[in-house]
Engineer: 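Next up is a structure, given as structure tokens.
A quick note: this is a predicted structure, and the numbers were derived from the prediction, not measured.
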Amino acid sequence: MHATERNKNMALNIIRELPHPSDLKAAHPLSQELSAVKAERDEEIKKIFRGESDKFLLVIGPCSADNEDSVLDYITRLRELQEKVSDRILMIPRIYTGKPRTTGDGYKGMLHQPDPTAMPDLKSGIIAVRHLHMRVLSETGFSSADEMLYPENYSYLDDLLSYIAIGARSVENQQHRLVSSGVDIPVGMKNPTSGDISVMMNSITAAQHHHAFIYRGCEVRSDGNPYAHAILRGYVNDRGQSFPNYHFEDLNNLAKIYAEKELKNPALIVDTNHANSGKQYEEQIRISKEILHSMRHSVDIKKLVKGLMIESYLVDGAQKIGENIYGKSITDPCLGWEKTERLVLEIADQL
């Protein structure tokens, strides 16, 4: 039955059928050599979450990946920086191609708009997103992180990603939790915008358990993901004011909560931007150093905190769509390259 016929009783206008993930992968295949690179990276990252490696994770990169050339430029520089700190730090580039929006309005990422100035085109977006992740892996050897904005789209990238984040607006969603339980790479669950830690912990618990559910029209079963973990990103109160949750007391409290639960591989990544910084991007420098300070003063915190999430790009700050400043964020403001390089080197010195 044609898509428009299936949809005649719904208040939706179907534009086109999207390619099945298997068809897209066949059209844009990943070589065995790159698959092996990705598998090696996956294992190195998992060792950190299992406590078998004492390297510190940095999930680092632009708020949103809006331009292929500038993103590749940034990640190529990141590759060179990684070599300088490889004995202490393992970097996972942020290549966030789907951008959640609080009201639903605004730029939703490369997935929706490969060209931020053009109309949405999700078919072209899916292809552009896969191409970007493949190019990064091929040219830099980095497998990357992306946000699971739509659970059903994960299978377009499951052979490329080494880390997934579940956003503050998605962490209570049942489908996000269930799909995360069937993923074989680390999945970070952010605390919700309200700051309710119990919601985040319930999401981690759900993701670590096995489930039966519907996925892309099929009945599927998951084994549970032992690498599902916490991300603290701050919160917003009922008046819209931002509050942090990265201080010593917050980290210590989460360590105690983890100790009370039977969860595998207790772990925390601290998001240094968003509500933790009040979106004051330069605060990420101070926040990163405070977290390292807390780790030095508590064995429990040091054991729990596996890394940081940092929003960084080529140029400081943010711009409006259409200003066309190369390497400057068109969503949340980010640290520019010079500040980023200095911060990473300082983090390595303090570990």
Engineer: Can you give me the closest heavy-atom contact between A267 and Y258, atom names plus distance?
Structural biologist: O-OH, 3.1 Å
Engineer: What I'd like to find out is whether the side chain of I197 reaches to under 4.5 Å of the side chain of M200, using heavy atoms alone.
Structural biologist: yes
Engineer: Looking at E80 and K84, is there a salt bridge between them, counting it only when a charged N and a carboxylate O are closer than 4.0 Å?
Structural biologist: no
Engineer: Look only at the side chain of Y235 and the backbone of A275, and say whether a donor-acceptor pair between them is shorter than 3.5 Å.
Structural biologist: no
Engineer: Where the side chain of K339 meets the backbone of C334, is there a donor-acceptor pair that is under 3.5 Å apart?
Structural biologist: no
Engineer: Working note: I347 + S288, criterion side-chain contact (heavy atoms from CB on, under 4.5 Å); need CA distance, chi angles, decisive distance, verdict.
Structural biologist: CA-CA 8 Å; I347 289 172; S288 297; 4.3 Å; yes
Engineer: For residues S203 and I166, determine if any side-chain heavy atom of one lies less than 4.5 Å from a side-chain heavy atom of the other.
Structural biologist: no
Engineer: Group every Ile, Leu, Val, Met, Phe, Trp and Tyr by side-chain heavy-atom contacts under 4.5 Å, then state whether M309 and V183 land in the same group.
Structural biologist: no
Engineer: With a 4.5 Å heavy-atom cut-off, do H293 and Q350 have their side chains touching?
Structural biologist: no
Engineer: Could you tell me whether E44 and K55 have a side-chain N and a carboxylate O separated by less than 4.0 Å?
Structural biologist: yes
Engineer: Could D121 and R16 be called an ion pair, given the rule that one side-chain N must be under 4.0 Å from one carboxylate O?
Structural biologist: yes
Engineer: As an exercise, state the distance from CD1 of I204 to CE of M201, rounded to the nearest 0.5 Å.
Structural biologist: 4.5 Å
Engineer: Could you check whether the rings of Y313 and Y74 sit parallel, tilted or perpendicular, using 30° and 60° as the cut-offs?
Structural biologist: perpendicular
Engineer: Of the non-hydrogen atoms in V85 and M91, which two are nearest, and what is the gap between them?
Structural biologist: CG2-CE, 4.0 Å
Engineer: Short question: side chain of R88, backbone of A348 - any donor-acceptor pair under 3.5 Å?
Structural biologist: yes
Engineer: Looking at P93 and R41, what are the two nearest heavy atoms and their distance?
Structural biologist: CD-NH2, 3.9 Å
Engineer: Quick check: are there more than 12 heavy atoms from other residues, nucleotides or ligands sitting under 6.0 Å from CG of D196?
Structural biologist: yes
Engineer: Without swapping roles, check the side chain of Q319 against the backbone of N324 for a donor-acceptor pair under 3.5 Å.
Structural biologist: yes
Engineer: Could you tell me whether the side chains of Y246 and S294 share a donor-acceptor contact shorter than 3.5 Å?
Structural biologist: no
Engineer: Roughly how far apart are M189 CE and I164 CD1, rounded to 0.5 Å?
Structural biologist: 9.5 Å
Engineer: In the structure I gave you, are the side-chain heavy atoms of V71 and I75 within less than 4.5 Å of one another anywhere?
Structural biologist: yes
Engineer: Find out whether V171 and H176 are in side-chain contact, i.e. whether some heavy atom of one side chain is under 4.5 Å from a heavy atom of the other.
Structural biologist: no
Engineer: Looking at every heavy atom in both A255 and D300, which two are closest together, and how far apart are they?
Structural biologist: CB-CB, 4.3 Å
Engineer: One pair to check against side-chain contact (heavy atoms from CB on, under 4.5 Å): D66 and Y107. What are the steps and the verdict?
Structural biologist: CA-CA 10 Å; D66 59 287; Y107 175 66; 3.7 Å; yes
Engineer: Is the shortest heavy-atom distance from the side chain of T331 to the side chain of Y96 under 4.5 Å?
Structural biologist: no
Engineer: So which of I60, I310, L345 actually passes side chain to side chain contact (heavy atoms under 4.5 Å, CB included) with T340?
Structural biologist: I60
Engineer: So, do I185 and I45 sit near enough that their side-chain heavy atoms are less than 4.5 Å apart?
Structural biologist: no
Engineer: If you count heavy atoms of other groups shown closer than 6.0 angstrom to NE2 of H28, is the number above 12?
Structural biologist: yes
Engineer: With a 4.5 Å heavy-atom cut-off, do Y215 and S222 have their side chains touching?
Structural biologist: no
Engineer: Is the closest basic N to carboxylate O distance between E346 and R342 below 4.0 Å?
Structural biologist: no
Engineer: Please list, chain by chain and in numerical order, all residues satisfying side-chain hydrogen bond (donor to acceptor under 3.5 Å, both in side chains) with H210, sequence neighbours excluded.
Structural biologist: none
Engineer: CD of E43: more than 12 outside heavy atoms within 6.0 angstrom?
Structural biologist: yes
Engineer: I'd like to know if the side chain of H211 and the backbone of A206 have a donor-acceptor N/O pair within less than 3.5 Å.
Structural biologist: yes
Engineer: Ignoring hydrogens and geometry, is there a side-chain-to-backbone donor-acceptor pair from R94 to V59 under 3.5 Å?
Structural biologist: no
Engineer: Is Q284 reaching over with its side chain to a backbone N or O of E311, donor-acceptor style, under 3.5 angstrom?
Structural biologist: yes
Engineer: As an exercise, state the distance from CE of M110 to CG of L132, rounded to the nearest 0.5 Å.
Structural biologist: 5.0 Å
Engineer: For the backbone of D250 and the side chain of N245, can you confirm whether one donor and one acceptor N or O come within less than 3.5 Å of each other?
Structural biologist: no
Engineer: Report the distance from atom CG of L90 to atom OG of S162, rounding to the nearest 0.5 Å.
Structural biologist: 9.0 Å
Engineer: Pick out which of R233, K279, K190 makes a salt bridge (Lys or Arg N to Asp or Glu O under 4.0 Å) with D271.
Structural biologist: K190
Engineer: Please find the pair of heavy atoms, one from D316 and one from L335, that lie closest to each other, and give the distance.
Structural biologist: OD1-C, 3.5 Å
Engineer: How long is the gap from CE on M295 to NZ on K306, to the nearest 0.5 Å?
Structural biologist: 8.5 Å
Engineer: Has K25 got more than 12 heavy atoms of other residues, nucleotides or ligands less than 6.0 Å from its NZ?
Structural biologist: yes
Engineer: Passes side-chain contact (heavy atoms from CB on, under 4.5 Å), D73 versus R77? Steps please.
Structural biologist: CA-CA 6 Å; D73 186 349; R77 300 185 196 192; 3.0 Å; yes
Engineer: Does this structure show an ion pair linking D69 with R135, if we count only N-O contacts that are shorter than 4.0 Å?
Structural biologist: yes
Engineer: Is it true that a side-chain atom of H229 and a backbone atom of I269 form a donor plus acceptor pair closer than 3.5 Å?
Structural biologist: no
Engineer: Could you check whether D184 pairs with K46 (Lys NZ or Arg NE/NH1/NH2 to Asp/Glu carboxylate O, under 4.0 Å)?
Structural biologist: no
Engineer: Centre of Y156's six-membered ring, under 6.0 Å away, within 45 degrees of the axis: is that where NZ or CZ of R130 sits?
Structural biologist: no
Engineer: I would like to know whether E83 and R79 meet salt bridge (Lys or Arg N to Asp or Glu O under 4.0 Å); could you show each step before the answer?
Structural biologist: CA-CA 7 Å; E83 298 307 314; R79 177 79 262 179; 2.9 Å; yes
Engineer: Closest approach of G141 and V37, non-hydrogen atoms and distance?
Structural biologist: O-CG1, 3.8 Å
Engineer: Walk me through whether F142 and I95 qualify under side-chain contact (heavy atoms from CB on, under 4.5 Å).
Structural biologist: CA-CA 11 Å; F142 272 136; I95 305 180; over 6 Å; no
Engineer: Do the side chain of S181 and the main chain of N225 share a donor and acceptor less than 3.5 angstrom apart?
Structural biologist: no
Engineer: Students often mix this up, so state it plainly: with edges at 30° and 60°, are the rings of Y227 and F49 parallel, tilted or perpendicular?
Structural biologist: perpendicular
